[in-house]
Amino acid sequence: MLNEWFPNVKWETMWEATIETLYMTSISVIATFIIGALLGLLLFLTSKGNIWENAVVNKIIAAFVNVFRSIPFIILIVLLIPFTTFLVGTMIGEDAALPALIIGAAPFYARMVEIGLREIDKGVIEAAKSMGAKTSTIIWKVLLPESMPALVSGITVTAIALVGYTAMAGAIGAGGLGNLAYLEGFQRTRPDVTLVATIIILIIVFIIQFIGDFITSKLDKR
């Protein structure tokens with residue numbers, strides 16, 4: 001039945017492309033969560049009135065975040081080709097897409113982390129300080145737990161954006177469903193291949209959104 005509806009679709013190839021997309025997305029989401037959380041924490045802690053208040057450091061980090069957050073992803077991939085080639089040894093394949101995916105998404109997520117931290121009741125932080133809590137204790141016992149629903153919600157949005165980024169990366173040879181949809185579907189005029197690849201991408205997005213919403217609802221104490 002499926003072969004009649006989608007005569008040009010090679011299901012084994014489609015499955016391989018799906019695995020490549022999931023690989024790129026999962027690795028980049030993990031790296032983005034770690035790097036973005038660190039950048040977001042630094043943005044928050046070095047801002048005015050906070051523990052590590054430092055205008056110079058804050059402006060440097062903010063400039064880095066704003067620059068890379070503002071560059072369109074397809075242009076960022078091209079700009080990072082020399083760096084990617086040096087780091088990975090090639091500009092083709094799913095591994096070659098990872099540096100651009102992480103550098104493109106981490107600053108975006110960092111701003112979400114900063115916003116989540118700013119929503120924490122200042123009284124909670126002040127109470128921890130008054131009890132003599134160290135900075136590390138405040139970070140691990142107050143800031144991160146209190147902002148966790150916002151952090152999970154933010155990484156969910158970022159993960160969905162990364163699925164879209166992998167599709168764009170596929171257009172220039174990074175592999176995955178985007179690559180398959182473009183090369184096998186669009187360029188060879190096989191709309192059924194493009195359609196199936198798009199449906200699978202949508203399914204991945206829906207699953208990510210469902211998982212993110214479920215975890216956020218469990219963590220939200222309000």
Side-chain angles (χ1 to χ4, degrees), residues 21 24-50 52-88 90-120 143-144 147 149-179 181-182 201-202 204-205 208-209 212 216:
T21 294
M24 288 187 284
T25 303
S26 58
I27 297 296
S28 55
V29 165
I30 293 168
T32 295
F33 182 79
I34 296 169
I35 297 170
L38 288 172
L39 287 172
L41 272 169
L42 286 172
L43 279 170
F44 176 75
L45 293 172
T46 58
S47 61
K48 188 175 180 180
N50 282 305
W52 293 340
E53 181 178 343
N54 189 314
V56 175
V57 173
N58 186 266
K59 285 179 181 177
I60 290 171
I61 298 170
F64 171 83
V65 167
N66 289 337
V67 166
F68 283 98
R69 194 174 58 139
S70 303
I71 301 173
F73 182 70
I74 197 72
I75 296 174
L76 182 64
I77 294 175
V78 175
L79 290 174
L80 289 175
I81 284 175
F83 175 71
T84 300
T85 305
F86 168 77
L87 199 65
V88 184
T90 179
M91 57 172 283
I92 303 297
E94 58 267 28
D95 285 333
L98 293 176
L101 289 169
I102 295 164
I103 292 172
F108 174 76
Y109 181 56
R111 282 298 185 190
M112 290 189 169
V113 172
E114 184 191 18
I115 292 168
L117 292 169
R118 288 188 183 280
E119 291 177 353
I120 298 172
L143 295 180
L144 291 178
S147 63
L151 299 191
V152 173
S153 180
I155 199 62
T156 302
V157 173
T158 307
I160 290 170
L162 278 165
V163 174
Y165 287 173
T166 64
M168 282 189 277
I172 60 168
L177 292 166
N179 184 70
Y182 181 72
I201 288 172
L202 288 173
I204 292 171
V205 167
I208 291 171
Q209 187 68 63
T216 302

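In what follows, residues are counted from 1 in the order of the sequence shown.
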**Request:** With side-chain contact (heavy atoms from CB on, under 4.5 Å) as the test, would you mind laying out the steps for L41 and L143 before giving the verdict?
**Result:** CA-CA 9 Å; L41 272 169; L143 295 180; 4.3 Å; yes

Of all heavy-atom pairs linking V113 and G36, the shortest is CG2-O, 4.0 Å

query: Is it true that a side-chain atom of Y109 and a backbone atom of L151 form a donor plus acceptor pair closer than 3.5 Å?
result: yes

Whether E53 side chain and G49 backbone form a donor-acceptor pair below 3.5 Å:
yes

Looking only at atom types and distance, does a side-chain atom of N50 sit under 3.5 Å from a main-chain N or O of W52, one as donor and one as acceptor? no

Evaluate I30 against I34 for side-chain contact (heavy atoms from CB on, under 4.5 Å), listing each step before the verdict.
CA-CA 6 Å; I30 293 168; I34 296 169; 4.2 Å; yes

Sidechain-backbone polar pair: T21 side chain, L177 backbone, donor-acceptor under 3.5 Å: yes

Check: Under 3.5 Å, side chain of S153 to main-chain N/O of P149, donor-acceptor pair present?
Finding: no

Separation between CD (E94) and CD1 (I27), nearest 0.5 Å, reads 10.5 Å

L87 side chain reached by L98 side chain, heavy atoms, under 4.5 Å: no

Check your understanding: F73 versus L101: any side-chain heavy-atom pair under 4.5 Å?
Key -> yes

The reported gap from NZ in K59 to CG in N54 (rounded to nearest 0.5 angstrom) is 10.5 Å

Item checked: Side-chain heavy atoms of V29 within contact of T158, under 4.5 Å -> no

Indicate yes or no: at least one non-hydrogen side-chain atom of R111 is less than 4.5 angstrom from one of L43. yes

Correct closest heavy-atom pair for A106 and I35 would be CB-CG2, 3.9 Å

CG of L79 to CD1 of I71, rounded to nearest 0.5 Å, is 6.0 Å

Rounded to the nearest 0.5 Å, the CD1 atom of I103 sits from the CG atom of L76 at a distance of 6.5 Å

Taking side chain as C-beta onward, heavy atoms only, is T32 less than 4.5 Å from L162? yes

d(F44 CZ, N58 CG) to nearest 0.5 Å is 11.5 Å

The reported gap from CZ in R118 to OG in S47 (rounded to nearest 0.5 angstrom) is 4.0 Å

Worksheet item: Is there side-chain contact between V163 and I201, with at least one heavy-atom pair below 4.5 Å?
Response: yes

